[in-house]
Amino acid sequence: MSEEEEIKYKPISIMELLTQMHSTTTLMIDLAYSAVLFNDKDLAEEVSELEEKVENLKTTLLMNTAIAIKDAVDAESMIGIMEVGGAADTISHAAADIADIVSIGLGIDQNILKAFAKTQERLTRVIIQAESILAGKALSELKLETNIGVSVIAIRRGKELVLNPNPNERLLKGDTAIARGSDVGVVELDKLAKGELKEIPRPKIGNGCVLN
Amino acid sequence: MCSKLSQEQVVDMIVQLKDFSEMMVDLAYSSLIYNNEEIADQVNDMEEIVDKLYTKLELTVLRSREMQPAEVLLSSIRLAVAAEQIADAAYKLATIVKKGAKSHPILKLAMEKADETIVATTISANSILADKNLGELGLEDDIGMKIIAVKRHGTWTYNPKDSFTLAPNDLIIARGYSEGRERLLNAASPKLCDD
């Protein structure tokens, strides 16, 4: 646990704060369930750190909305935004509680883990092999979300853990990628990582025009 | 022998709680972005189901207390509590819409800026998606877009199954990433070629 951050106003737009809160809490739920599924204490630890980040974002959001409100009309239009901040904070705490199950080593019914591994949308963990076509490529080149419906939520490289990797991040040989996707997509990712599949499947649905 | 059954029930209920809570969050944000009370109502209905499921799960876990170590039972309860809290947060979001708070435009903009977000669109008559079922289309695997709700003739279908066939004029709400979103929008209402 890091030290409590001092409450201090930061000039950051309400929109940016909401985007960050939404993205972070979505990521936290995925990371928390991944920590459970793979019994990964490092991931669990990252979730508690993000919990603190969301807490700070919420404080900043409340201060920003307070500054923006000048009258009753403003207050009515801003209440929704404040409630969204509160809901995101609740989700963040829930995710941290899930991660805590792993941190304190409670142990989970194996049948639950098996069932989680079979849901339609699922989490997966793959190691990038030397012969994989993914090795050495940036996420922006691979476009796994659009091509196979899989989103890489974290990359473990040796002791380093990259959360929510940005598009410029490259997958390297030996990296462990933690990802979320459809049942079909995660199988494709697995084959790509092992080098069994040599080409990334392209979407059938194009973005071209149709003839009248 | 009844204990084995109760263990299976616990697993099944936890998976249901997880699925429900995540679906509720998607729907709650959709209701908020599109200021849609019907979707908000659906979130409320689901919250009631979650509450019942959660109580049933707690009782089942307590009844099976001799079957498994206390730690394992506790982790099952904690997973359920967390899912229930996530469902509660979704319920609160939906309540904002029900109370008639006007969705602030910033909210929609903020959601659109997120990597992963929600989009609503209508299937046009010349759409390649029309008259195909979701299983054939495989949109989630193909372009990473998951359809979370469809409205047809005033009736919503939530979390439509693979056998669900899309039709012209259907309003669909889907979740996914930027480029997949563009492809879905274009597939729903294809632009015509110039010549």
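Naming convention: chains lettered A, B, ... in sequence-line order (proteins, then strands); numbering from 1 in each chain.
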A.B. asks: Return the option, out of Gly105(A), Gly185(A), Ala94(A), with the maximum number of heavy-atom pairs under 4.5 Å with chain B.
C.D. replies: Ala94(A)

A.B. asks: Tell me, for Ile108(A) versus chain B, whether the close heavy atoms (under 4.5 Å) come from the side chain, the backbone, both or neither.
C.D. replies: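 For Ile108(A), heavy atoms of backbone and side chain both lie under 4.5 Å from chain B.
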
A.B. asks: Would you say the side chain of Arg78(B) lies within less than 4.5 Å of the side chain of Ile104(A), judging by non-hydrogen atoms?
C.D. replies: yes

A.B. asks: Provide the closest heavy-atom pair for Leu109(B) versus Met15(A) in the form atom of the first, atom of the second, distance.
C.D. replies: CB-SD, 3.4 Å

A.B. asks: Is it the case that atom NZ in Lys198(A) sees more than 12 heavy atoms from other parts of the structure closer than 6.0 Å?
C.D. replies: yes

A.B. asks: Heavy-atom pairs under 4.5 Å with chain A are the metric here; pick the option from Glu71(B), Arg183(B), Gln85(B) that has the most.
C.D. replies: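 Ranked by heavy-atom pairs under 4.5 Å with chain A, first place is Arg183(B).
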
A.B. asks: Tell me, side chain or backbone of Leu17(A) under 4.5 Å from chain B's heavy atoms, or both, or neither?
C.D. replies: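 It is neither, since no heavy atom gets under 4.5 Å.
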
A.B. asks: Would you give the length of the straight line joining atom CD1 of Ile148(A) to atom CD1 of Ile143(B), rounded to the nearest 0.5 angstrom?
C.D. replies: 14.0 Å

A.B. asks: What's the separation between atom CD1 in Ile96(B) and atom CE in Met82(A), rounded to the nearest 0.5 Å?
C.D. replies: 10.5 Å

A.B. asks: What residues, two or more places apart in sequence or in another chain, satisfy salt bridge (Lys or Arg N to Asp or Glu O under 4.0 Å) together with Lys194(A)?
C.D. replies: Asp190(A)

A.B. asks: Could you work out, with salt bridge (Lys or Arg N to Asp or Glu O under 4.0 Å) as the rule, every residue matching Asp97(A), not counting sequence neighbours?
C.D. replies: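 Per chain and number, Asp97(A) pairs via salt bridge (Lys or Arg N to Asp or Glu O under 4.0 Å) with no residue.
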
A.B. asks: Need one label for Lys146(B): side chain, backbone, both or neither, based on atoms under 4.5 Å from any heavy atom in chain A.
C.D. replies: side chain

A.B. asks: Can you name the nearest heavy-atom pair linking Asp142(B) to Pro203(A), along with the distance?
C.D. replies: OD1-CA, 3.0 Å

A.B. asks: With a 4.5 angstrom heavy-atom cut-off, which part of Leu184(B) approaches chain A: side chain, backbone, both or neither?
C.D. replies: neither

A.B. asks: Looking at Ile91(A), Ile98(A), Val36(A), Ile81(A), which has the largest count of heavy-atom pairs under 4.5 Å with chain B?
C.D. replies: Ile81(A)

A.B. asks: Let me confirm one number: the CG-NZ distance from Leu137(B) to Lys204(A), rounded to the nearest 0.5 Å.
C.D. replies: 7.5 Å

A.B. asks: With a cut-off of 6.0 Å (strictly less than), are more than 12 heavy atoms of other residues, nucleotides or ligands near NZ of Lys137(A)?
C.D. replies: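 Yes.
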
A.B. asks: Give the interface residues of residues 164-172 of chain B toward chain A, defined by a heavy-atom separation under 4.5 Å.
C.D. replies: none

A.B. asks: For residues 28-37 of chain A, pull every pair meeting side chain to side chain donor-acceptor pair (under 3.5 Å), keeping only residues two or more places apart or in separate chains.
C.D. replies: Asp30(A)-Arg180(A)

A.B. asks: With a 4.5 angstrom heavy-atom cut-off, is it the side chain or the backbone of Val25(B) that approaches chain A, or both, or neither?
C.D. replies: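 It is the side chain, since no backbone atom gets that close.
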
A.B. asks: For Glu16(A) and Lys113(B), which heavy atoms make the closest approach, and how far apart are they?
C.D. replies: OE1-NZ, 2.7 Å

A.B. asks: Please state whether the side chain, the backbone, both or neither of Gln20(A) comes within less than 4.5 Å of a heavy atom of chain B.
C.D. replies: neither

A.B. asks: Assess whether side chain to side chain contact (heavy atoms under 4.5 Å, CB included) is satisfied between Leu107(B) and Val84(A), documenting all intermediate values.
C.D. replies: CA-CA 9 Å; Leu107(B) 216 51; Val84(A) 169; 3.9 Å; yes

A.B. asks: Which pair of non-hydrogen atoms, one from Ser75(B) and one from Gly107(A), has the smallest distance, and what is that distance?
C.D. replies: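 That closest heavy-atom pairing would be OG-O, 2.8 Å.
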
A.B. asks: Roughly how far, to the nearest 0.5 Å, is CG of Leu129(B) from CD1 of Ile205(A)?
C.D. replies: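 Going from CD1 on Ile205(A) over to CG on Leu129(B), the span is 5.0 Å.
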
A.B. asks: Where does Leu73(B) contact chain A at under 4.5 Å (heavy atoms): side chain, backbone, both or neither?
C.D. replies: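 For Leu73(B), there is no contact with chain A at all, as no heavy atom is under 4.5 Å.
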
A.B. asks: Indicate the atoms forming the closest heavy-atom contact of Val11(B) with Ala115(A), along with that distance.
C.D. replies: CG1-CB, 3.5 Å

A.B. asks: With the side chain counted from C-beta on, respond yes when Asn164(A) and Asp115(B) share a heavy-atom pair under 4.5 Å apart, and no when they do not.
C.D. replies: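 Side chain of Asn164(A) against side chain of Asp115(B), heavy atoms only: contact under 4.5 Å found.
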
A.B. asks: Who among Val102(A), Asp100(A), Asn111(A), Leu144(A) has the most heavy-atom pairs with chain B under 4.5 Å?
C.D. replies: Asn111(A)

A.B. asks: Just wondering, do Val10(B) and Asp109(A) contact through their side chains at under 4.5 Å, heavy atoms?
C.D. replies: no

A.B. asks: Taking Glu116(B), Lys92(B), Glu84(B), Glu112(B) one by one, which has the highest count of heavy-atom pairs under 4.5 Å against chain A?
C.D. replies: Glu116(B)

A.B. asks: Asp12(B) versus chain A, heavy atoms under 4.5 Å apart: side chain, backbone, both or neither?
C.D. replies: neither

A.B. asks: Heavy-atom distance under 4.5 Å to chain A: side chain of Tyr29(B), backbone, both or neither?
C.D. replies: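 The side chain, not the backbone.
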
A.B. asks: Heavy-atom pairs under 4.5 Å with chain B - which of Leu106(A), Thr119(A), Asp183(A) has more of them than the others?
C.D. replies: Leu106(A)

A.B. asks: Do you know which of Gly181(A), Ser151(A), Ser13(A), Ala96(A) has the most heavy-atom pairs with chain B at a distance under 4.5 angstrom?
C.D. replies: Ser151(A)

A.B. asks: Look at Asn147(A), Asp89(A), Thr25(A) and state which one has the largest set of heavy-atom pairs under 4.5 Å with chain B.
C.D. replies: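 Looking at each option in turn, the highest pair count goes to Asn147(A).
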
A.B. asks: Salt-bridged, Glu179(B) to Lys143(A), with N to O below 4.0 Å?
C.D. replies: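 Salt bridge present between Glu179(B) and Lys143(A).
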
A.B. asks: Might you point out which heavy atoms bring Leu18(A) and Ala110(B) nearest each other, and give the distance in Å?
C.D. replies: CB-CB, 3.6 Å

A.B. asks: Please check if the number of heavy atoms outside Tyr91(B) that lie under 6.0 Å from its OH is greater than 12.
C.D. replies: no

